[in-house]
Peer 1: 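There's a structure below that I have some questions on.
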Amino acid sequence: QVLLAESGGGSVQTGGSLRLSCALTGYDYNSGCLAWFRQVPGKEREAVAGIYGHGTTKYYADSVKDRFIISQDNAKNIMYLQLNNLKPEDTAMYFCAAGSYRSWYGLWQGKDDFDYWGQGTQVTVSS
């Protein structure tokens with residue numbers, strides 16, 4: 001059983017920054033992948049960033065590339081998402097997720113086939 005808990009959301013103005021954290025319990029870095037998704041009410045969940053294994057391989061959605069940075073601290077069992085140069089369109093509930101190689105492969109195909117999900121943390125960006 002893998003447990004995930006997000007924190008770090010909040011309200012910022014355009015151009016501001018936030019760092020989201022995802023505390024992990026029971027996750028196996030040797031065979032899994034982690035990701036951040038976001039969702040706005042009435043819209044489909046969107047993949048934002050992903051990280052595979054021990055962190056050498058990463059995925060970013062085009063909309064956040066060069067602004068967001070995904071990382072993980074294996075010793076502390078925490079995954080991070082640094083959000084820089086935030087825009088109003090980044091406003092959403094952000095979720096972290098854990099999965100397998102199947103999930104990683106699906107991430108690149110636009111799928112959200114992850115086995116475990118956190119409860120989410122809200123990010124609001126005002127203009």
Peer 1: Against Thr91, only a single residue in Val125, Val40, Val12 fulfils side-chain contact (heavy atoms from CB on, under 4.5 Å); can you say which?
Peer 2: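 Filter result, single survivor: Val125.
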Peer 1: Would you mind telling me which of Glu44, Arg45, Glu46 makes a side-chain contact (heavy atoms from CB on, under 4.5 Å) with Gln39?
Peer 2: Arg45
Peer 1: Return the minimal non-hydrogen interatomic distance between Met79 and Cys96, and the atom names on each side.
Peer 2: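 Answer, listing the atom of Met79 first, then Cys96: CE-CB, 3.6 Å.
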Peer 1: For a side-chain contact (heavy atoms from CB on, under 4.5 Å) with Ile70, tell me which candidate from Tyr80, Trp36, Tyr59 qualifies.
Peer 2: Trp36
Peer 1: Does atom NZ (Lys76) have a neighbourhood of more than 12 heavy atoms from anything else shown, all under 6.0 Å?
Peer 2: no
Peer 1: Would you say the side-chain atoms of Ser100 pair up with the backbone N or O of Gly32, donor to acceptor, closer than 3.5 Å?
Peer 2: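 No: the side chain of Ser100 does not pair with the backbone of Gly32.
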Peer 1: For residues Tyr101 and Trp117: do they belong to one hydrophobic cluster (side chain heavy atoms under 4.5 Å, members Ile, Leu, Val, Met, Phe, Trp, Tyr)?
Peer 2: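 Yes, it is one cluster - the side chains of Tyr101 and Trp117 are joined through contacts under 4.5 Å.
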Peer 1: Check the orientation of Trp104 and Tyr52. Use parallel for under 30°, tilted for 30 to 60°, and perpendicular for over 60°.
Peer 2: tilted
Peer 1: Is Leu107 reachable from Leu24 through a run of hydrophobic residues whose side-chain heavy atoms are each under 4.5 Å from the next?
Peer 2: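 No, Leu24 and Leu107 fall in different hydrophobic clusters.
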Peer 1: Hey, is CD on Gln119 packed in by over 12 heavy atoms from elsewhere, all under 6.0 Å?
Peer 2: no
Peer 1: Show the nearest heavy-atom pair for residues Tyr116 and Gln1, with the distance to one decimal.
Peer 2: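 Heavy atoms only, the tightest pair is CE2-OE1, 4.0 Å.
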Peer 1: Give me each pair satisfying salt bridge (charged side-chain N to carboxylate O under 4.0 Å, His left out) with a member in residues 90-102, each pair once, sequence neighbours excluded.
Peer 2: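 Counting only pairs at least two positions apart or across chains, the salt bridge (charged side-chain N to carboxylate O under 4.0 Å, His left out) contacts touching residues 90-102 are Arg38-Asp90, Arg67-Asp90, Arg102-Asp113, Arg102-Asp115.
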Peer 1: Which heavy-atom pair separates Val123 from Leu20 by the least distance, and what is that distance?
Peer 2: CG2-CD2, 4.0 Å
Peer 1: Give me each pair satisfying disulfide bond (SG atoms under 2.5 Å apart) with a member in residues 30-60, each pair once, sequence neighbours excluded.
Peer 2: none
Peer 1: Which heavy atom of Tyr27 sits nearest a heavy atom of Gly99, and at what distance?
Peer 2: CE1-O, 4.4 Å
Peer 1: Drop me the distance from Thr25's OG1 to Asn77's CG, to the nearest 0.5 angstrom.
Peer 2: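 The distance works out to 7.0 Å.
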Peer 1: Using every non-hydrogen atom in the two residues, find where Phe114 and Ala98 come nearest and quote the distance to one decimal.
Peer 2: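 Taking every non-hydrogen atom into account, CD2-C, 3.5 Å.
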Peer 1: Between Leu18 and Leu86, what is the shortest heavy-atom contact and its length?
Peer 2: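 Reported closest heavy-atom pair: N-CD1, 4.0 Å.
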Peer 1: Hydrophobic clustering (ILVMFWY, side-chain heavy atoms < 4.5 Å, transitive) - are Met93 and Leu4 grouped together?
Peer 2: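 Cluster IDs for Leu4 and Met93 differ.
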Peer 1: Can you confirm whether Ser21 sits close enough to Glu6 that some side-chain heavy atom of one is under 4.5 Å from a side-chain heavy atom of the other?
Peer 2: no
Peer 1: Out of curiosity, does Ile51 fall in the hydrophobic cluster containing Ile78 (side-chain heavy atoms, cut-off under 4.5 Å, transitive links)?
Peer 2: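 Different clusters.
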